[in-house]
Amino acid sequence: MRRLLAATVAATVIAGVLAGCGGGENWAKNCATTNGVVECDVADRPQVGDVTGELLDGGTYDVANDRGKVVVVNFWGSWCAPCRAEAPDLEKTYQATKAKNVTFLGINSRDDKDSAKAFERGRVTYPSIYDFDGDVALKFDVTQTTTPATLILDRQGRIAVALRRSTTTGELQPLVERVAAEANG
């Protein structure tokens, strides 16, 4: 019952990362949406603001330190079956693209730290922010309606792609590579 409540609350709290609030405007209205994947042309990409948080394994993360890199942000919870299913695909895509100046970041919500750390162990090698209450997720200033969800930020820190569901290597890697291949600007 506690996990069900946590999952319900997480879906509600994070209801501020992909579907469209961004200051009351639907940030994705000028973007192409197909099967839960939103792709934005450069001129229509919303800028991500200050996003910082405590990492699961200690230390802090600041998205500003990754300007100039493509940043793939995945919202997950250990209680989420689709999150468990997509984790190997996320890691595979991370390994395949990191040499192209791409980094990955997880945003964990509604977990106790031990469960979150156990989930990551042996699954992914990139860091995750511990965001029990969803405060960090809200800093992305767009609305998420599901967990898992994934954002691909371009090198200027703008949302280029949003996936409102779980993903696979076959879907995610070409999207990441396309954003990574864009000229800086």
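Between I129 and the choices N108, D135, L105, the side chain to side chain contact (heavy atoms under 4.5 Å, CB included) rule is met once, by L105.
With rounding to the nearest 0.5 Å, the separation of CG in L163 from CG in L151 is 8.5 Å. A distance of 4.5 Å separates CD in E177 from CD in Q173, rounded to the nearest 0.5 Å. Atom CG of D112 is separated from atom OH of Y130 by 6.0 Å, given to the nearest 0.5 angstrom. Once rounded to the nearest 0.5 Å, the distance linking NZ of K98 with OG1 of T93 reads 12.5 Å. Atoms CG and CG, on L153 and D66 in that order, are 9.5 Å from each other to the nearest 0.5 Å. A distance of 6.5 Å separates CG in N74 from SG in C83, rounded to the nearest 0.5 Å.
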(Q) Checking E182 against R158 for the salt bridge (Lys or Arg N to Asp or Glu O under 4.0 Å) test, could you report, in this order, the C-alpha distance in whole Å, the side-chain angles of both residues, the deciding distance, and whether it holds? (A) CA-CA 13 Å; E182 294 175 352; R158 302 171 299 201; 5.6 Å; no
Q.
Quick one, F104 with S128, criterion side-chain contact (heavy atoms from CB on, under 4.5 Å). Give me CA distance, side-chain angles, the key distance, then yes/no.
A. CA-CA 9 Å; F104 275 52; S128 285; over 6 Å; no
Q. side-chain contact (heavy atoms from CB on, under 4.5 Å) between E120 and W76: does it pass, once the steps are laid out?
A. CA-CA 10 Å; E120 277 196 327; W76 65 275; 3.8 Å; yes
Q: List the steps and the verdict of side-chain hydrogen bond (donor to acceptor under 3.5 Å, both in side chains) for D111 and S78.
A: CA-CA 7 Å; D111 265 329; S78 68; 2.6 Å; yes
**Q.** Intermediate values then yes/no, side-chain contact (heavy atoms from CB on, under 4.5 Å), E39 and T34
**A.** CA-CA 9 Å; E39 294 185 67; T34 308; over 6 Å; no
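Surrounding NZ of K92 are at most 12 heavy atoms belonging to other residues, nucleotides or ligands under 6.0 Å away.
Under the 4.5 Å side-chain criterion, counting only non-hydrogen atoms from C-beta, T60 is not in contact with T52. F75 has its side chain out of reach of D131: every pair of non-hydrogen atoms, C-beta onward, lies at least 4.5 Å apart. When side chains are defined from C-beta on, Y94 counts as touching T125, because their heavy atoms get closer than 4.5 Å. Residues V37 and E171 are in side-chain contact: their nearest non-hydrogen atoms beyond the backbone lie under 4.5 Å apart. Side-chain contact between K139 and V48 is absent, with no heavy-atom pair separated by less than 4.5 Å. Looking at I107 and F140, their side chains come closer than 4.5 Å, going by heavy atoms from C-beta outward. Here the side chains of E91 and Y126 are in contact, with some heavy-atom distance below 4.5 Å. Within the 4.5 Å cutoff, the side chain of L172 has no heavy atoms near those of the D89 side chain.
At least one donor-acceptor pair closer than 3.5 Å links the side chain of R165 to the backbone N or O of N35. Side chain of R155 to backbone of N101: a donor-acceptor contact under 3.5 angstrom is found. In this structure a side-chain-to-backbone donor-acceptor pair under 3.5 Å is present from E86 to T167. Put simply, the side chain of Q47 gets close to the backbone of Q156: a donor and an acceptor are under 3.5 Å apart. At least one donor-acceptor pair under 3.5 Å links the side chain of R45 to the backbone N or O of C40. At least one donor-acceptor pair under 3.5 Å links the side chain of R123 to the backbone N or O of F119. In this structure, the side chain of D62 engages the main chain of A64 through a donor-acceptor pair within 3.5 Å. Panel note: side chain T97, backbone K100; no donor-acceptor pair is recorded below 3.5 Å.
Of all heavy-atom pairs between P88 and A85, the closest is CD-O, 3.5 Å. Contact detail for A87 and V124: the closest heavy-atom pair is O-CG1, 4.0 Å. A pairwise comparison of heavy atoms in G77 and T147 identifies N-CG2, 4.1 Å as the closest pair.
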